[in-house]
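Here you go, one structure.
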Amino acid sequence: NTLSNHEKLRITGNYSIGEYNLEINNFSPEEEGHYRCDNINGSTAVHASFYLEVYRSPSNMSVTNTSTNGLLEVNEGQIILLICTVESGNPSENMMWVHNDSILVFAGPKLLVYEFVAVVTDHSKIYMCIANNSKTEDSVKFQVQLYVKELPYVDIRNVSATVLEVAKGGDIVLDCDYKTNTKPYKLTWIFKNESLITESEDGIPLNGALHISSIRTNNTGTYKCYVYNRVGIGSAMVDVLVTYKPELKSNDSLLFDTEVGRPAFISIAIRSFEKPTASWTSSAGGILGLLNVKEEQNDMFSIKGTIVPSTDHHFGKYGIRIRNRIGSLHTEIVLTYTGPPIILTSITKKHSNNIVLSTFFVSDPPANDIAWIFSIGKTEKQIVSNSAIFNVLSSNSSADISVYGKTITINCIRTDLKLVDPKSVKEGWFLCLISNILGSSETVFNTTYKYTTESHTDTILYSSMFPMKSSEAPFAVKDGGTIPIQIETELSSGTALQNIRHSTSSDDIYEEISNENSDACQDIAEQEPEEEVDLVHSSIAEESISATDTNVYEDLNEVPKEINPTNSEHYKTIKSEMPILDHNSDDENYLIPGPAYLIVIDSDQEKEAKPYDTTAS
């Protein structure tokens with residue numbers, strides 16, 4: 001009677017034969033444990049021990065974060081933990097997560113976790129947690145249904161290829177389409193990290209259409225459409241490739257310098273949506289190297305090749321055709337030459353009381369020195385830029401010159417010597433010397449004068465001041481004007497200039513300037529001469545050959561040798577080498593070294609001659 005559950009206990013059996021049974025009514029887990037039967041007979045005791053165990057099913061199962069009806073809301077892409085718990089039974093239970101009769105995970109007791117990443121296809125799926133043991137027939141179950149909130153599924157409508165090709169100048173519409181079970185709140189188009197358009201749910205409807213008109217080359221690239229909702233961001237992209245014919249990167253003139261026998265390295269920058277091909281289409285006769293196309297960056301390519309001119313005739317225009325599958329570009333390059341400065345023209349003009357001596361020239365490489373020199377007798381003196389008598393000014397221009405029938409555009413420079421006080425210069429000549437690193441060229445302006453009597457006052461008039469070459473005969477001079485050799489070229493501005501050959505004799509190519517444009521030189525050729533030829537004073541220019549300060553042999557092939565078979569005190573002959581035509585050559589312009597003779601009159605002897613002696617020769 002001292003036991004708390006004594007009312008549930010009763011001993012039964014046939015006592016007469018020693019049968020004693022313990023009967024427990026309404027057995028519960030409280031009665032689980034050890035029991036012993038003691039049979040005592042006098043001094044003898046017999047013991048029998050028992051352990052009573054309760055078999056029971058697991059109970060009170062639950063799944064974390066689910067609603068009362070077992071619905072579990074998750075986001076697409078989210079890591080999901082299905083956590084199932086249960087009050088353990090006896091013996092310990094086995095637990096499992098099951099989907100469509102397939103066991104996903106098996107473990108236990110008490111707790112079972114199934115981990116996975118939610119995808120769109122998991123939406124509305126049913127997962128079952130089951131727990132049971134081996135001693136009971138009853139099992140415990142809990143059912144979970146997933147509601148997957150979707151990211152926007154974005155697509156570019158009507159674009160089947162990953163690259164959309166559009167012709168330059170055309171129009172396109174990129175339509176951003178999306179699907180989701182969660183309402184989006186923003187849509188935006190991004191191109192090259194910049195937002196093109198943005199729409200929100202508070203504004204216009206999210207239709208996602210991007211209109212691009214008058215397509216340009218810089219519209220090539222990747223366009224991305226982003227759609228935002230509470231779950232996250234969905235995106236789609238399309239690569240737009242603007243197609244067009246090859247184009248020159250720059251509109252600058254394609255001029256390449258070289259010398260005869262040396263290769264000119266051609267390099268042309270090209271813009272093309274794809275790698276183009278290049279081929280020669282026309283030639284001035286030089287040896288053409290292979291044209292190689294190299295990609296510099298996404299849509300920039302360089303066309304590289306070589307031209308080797310073997311004669312002077314090979315300078316001029318060459319054609320190149322550059323193609324891609326949309327079209328082609330034909331471009332012309334100009335092969336120019338480098339050498340000493342080339343004097344295009346030398347002219348004299350009167351302006352009121354001033355006289356302006358002008359020399360036009362081209363130089364490649366650029367001239368590094370322009371000097372105006374005044375010479376009288378055997379004395380030469382370089383003119384200071386600005387003084388009371390002289391002003392010197394140089395300016396830039398450009399000129400189209402014709403070489404062997406081919407037009408070449410090169411820089412032109414004009415240098416002027418302004419005689420502020422012409423009357424102070426009674427005799428002598430002016431020399432314009434132009435130099436670059438490859439040589440020099442010069443032109444000479446001779447002065448002549450006369451005296452007239454007016455009111456018993458001697459007045460100095462410049463009856464002529466005309467350009468001369470120290471290596472050539474004087475120009476014929478008429479009243480008040482000049483008649484120089486008229487080998488002309490056209491300035492790009494339309495002004496015609498006369499071309500005077502420079503004094504460098506070793507590079508014949510620079511002296512062969514075409515005279516095809518002689519009709520264009522109106523401002524000079526139409527000048528009215530002022531007086532007859534003054535042969536006596538025109539010979540003053542030749543005095544510069546023997547002047548000690550004038551180096552006229554700097555471009556000759558060898559030091560000249562002086563010979564004087566007559567042993568005259570007043571005359572001497574100088575022999576040297578200068579280029580002459582080789583009549584045995586197929587090339588009519590091919591020059592070889594040949595003898596040249598200069599007969600020089602001593603200045604003292606010249607002064608002894610009678611003025612205006614027409615019998616002198």
pair F273-T217: side-chain heavy atoms closer than 4.5 Å:
no
Sequence neighbours left out, what passes ring-ring contact (aromatic ring centres under 6.0 Å, His included) with F390? Give chain and number order.
F430
Mind checking whether T348 and V356 have side chains closer than 4.5 Å, heavy atoms only?
no
To the nearest 0.5 Å, tell me how far L329 CG sits from L248 CG.
5.0 Å
Does the pair F315 and T336 meet the rule for a side chain to side chain contact (heavy atoms under 4.5 Å, CB included), with working shown?
CA-CA 6 Å; F315 293 94; T336 61; 5.6 Å; no
Who pairs with P366 by side chain to side chain contact (heavy atoms under 4.5 Å, CB included), at least two apart in sequence or on another chain?
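Result, side chain to side chain contact (heavy atoms under 4.5 Å, CB included) vs P366: none returned.
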As an exercise, state the distance from CG of D369 to CG of L433, rounded to the nearest 0.5 Å.
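Here the interatomic distance stands at 7.0 Å.
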What residue among L357, I389, N354 forms side-chain contact (heavy atoms from CB on, under 4.5 Å) with L419?
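Of the listed options, the one satisfying the test is L357.
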Check T415 against C432 and note the closest heavy-atom contact, atom names and distance.
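Where T415 meets C432 most closely, the heavy atoms are CG2-SG, 3.8 Å.
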Distance (rounded to the nearest 0.5 Å) between K245 NZ and T243 OG1:
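Between atom NZ of K245 and atom OG1 of T243 there are 12.0 Å.
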Closest heavy-atom pair, I343 versus F361, reported as atoms and distance to 0.1 Å, is CA-CB, 4.0 Å
Tell me every residue that passes ring-ring contact (aromatic ring centres under 6.0 Å, His included) with F265, counting only those two or more places apart in sequence or in another chain.
none
Let me see the working for I270 and K249 under side chain to side chain contact (heavy atoms under 4.5 Å, CB included), right down to the final yes or no.
CA-CA 5 Å; I270 295 294; K249 179 183 177 182; over 6 Å; no
Would you say the side chain of L288 lies within less than 4.5 Å of the side chain of S283, judging by non-hydrogen atoms?
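Result yes, sub-4.5 Å side-chain heavy-atom pair found.
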Counting distance only, does the side-chain N/O of S253 pair as donor-acceptor with the main-chain N or O of L255 below 3.5 Å?
no
Non-hydrogen atoms of F374 and E427 that approach each other most closely
CZ-O, 3.2 Å
Give me the atom names and distance for the closest heavy-atom approach of P341 to S363.
CG-OG, 3.8 Å
Looking at W280 and G289, would you say the former's side chain and the latter's main chain have a donor-acceptor pair under 3.5 Å?
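Looks like yes, one N/O pair under 3.5 Å.
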Among residues at least two apart in sequence or on other chains, which ones pass side chain to side chain contact (heavy atoms under 4.5 Å, CB included) with T220?
L241, V242
Could you grab the distance from atom CD1 of I333 to atom NZ of K317, nearest 0.5 Å is fine?
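The CD1 atom of I333 sits 12.0 Å away from the NZ atom of K317.
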For residues 295-309, dump all side-chain donor-acceptor pairs below 3.5 Å to protein atoms at least two apart in sequence or in another chain.
residue	atom	partner	partner atom	Å
E296	OE2	S302	OG	2.7
D299	OD2	R271	NH1	3.3
K304	NZ	S267	OG	3.2

V334 vs L254, side chain to side chain contact (heavy atoms under 4.5 Å, CB included): CA-CA, chis, key distance, verdict
CA-CA 6 Å; V334 177; L254 298 176; over 6 Å; no
Answer with yes or no whether the side chains of T359 and W372 bring together a donor and an acceptor at under 3.5 Å.
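W372 vs T359: no donor-acceptor pair found between side chains.
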Of the non-hydrogen atoms in I347 and F445, which two are nearest, and what is the gap between them?
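Answer, listing the atom of I347 first, then F445: O-CE2, 3.6 Å.
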How long is the straight-line distance from CD1 of I413 back to CD1 of I434, given to the nearest 0.5 Å?
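Between I434 CD1 and I413 CD1, I get 8.5 Å after rounding to 0.5 Å.
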Could you check whether any side-chain N or O of H314 sits under 3.5 Å from a backbone N or O of G285, counting only pairs where one atom can act as donor and the other as acceptor?
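Such a contact is found between H314 side chain and G285 backbone.
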Looking at N218, I want to see if its CG is surrounded by more than 12 non-hydrogen atoms of other residues, nucleotides or ligands under 6.0 Å.
yes
Return the CZ to OG1 distance between F256 and T258, rounded to the nearest 0.5 Å.
11.5 Å
Quick check: do I212 and N219 have side-chain heavy atoms less than 4.5 Å from each other?
yes
Heavy-atom donor-acceptor pair, D416 side chain to K418 backbone, under 3.5 Å
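Flag not set: sc D416 to bb K418 has no pair under 3.5 Å.
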Kindly give the heavy-atom pair with the smallest separation between P276 and P246, and that separation in Å.
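What the structure gives for the nearest pair is CB-CG, 4.5 Å.
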List the steps, then state whether side chain to side chain contact (heavy atoms under 4.5 Å, CB included) holds for R414 with S358.
CA-CA 7 Å; R414 171 178 176 168; S358 300; 3.3 Å; yes
P365 backbone acceptor or donor facing N436 side chain under 3.5 Å:
yes
The complete set of side-chain hydrogen bond (donor to acceptor under 3.5 Å, both in side chains) pairs with one or both residues in residues 324-335, sequence neighbours excluded, reads E165-R325, S272-N324, E274-R325, T281-H330, R321-S328
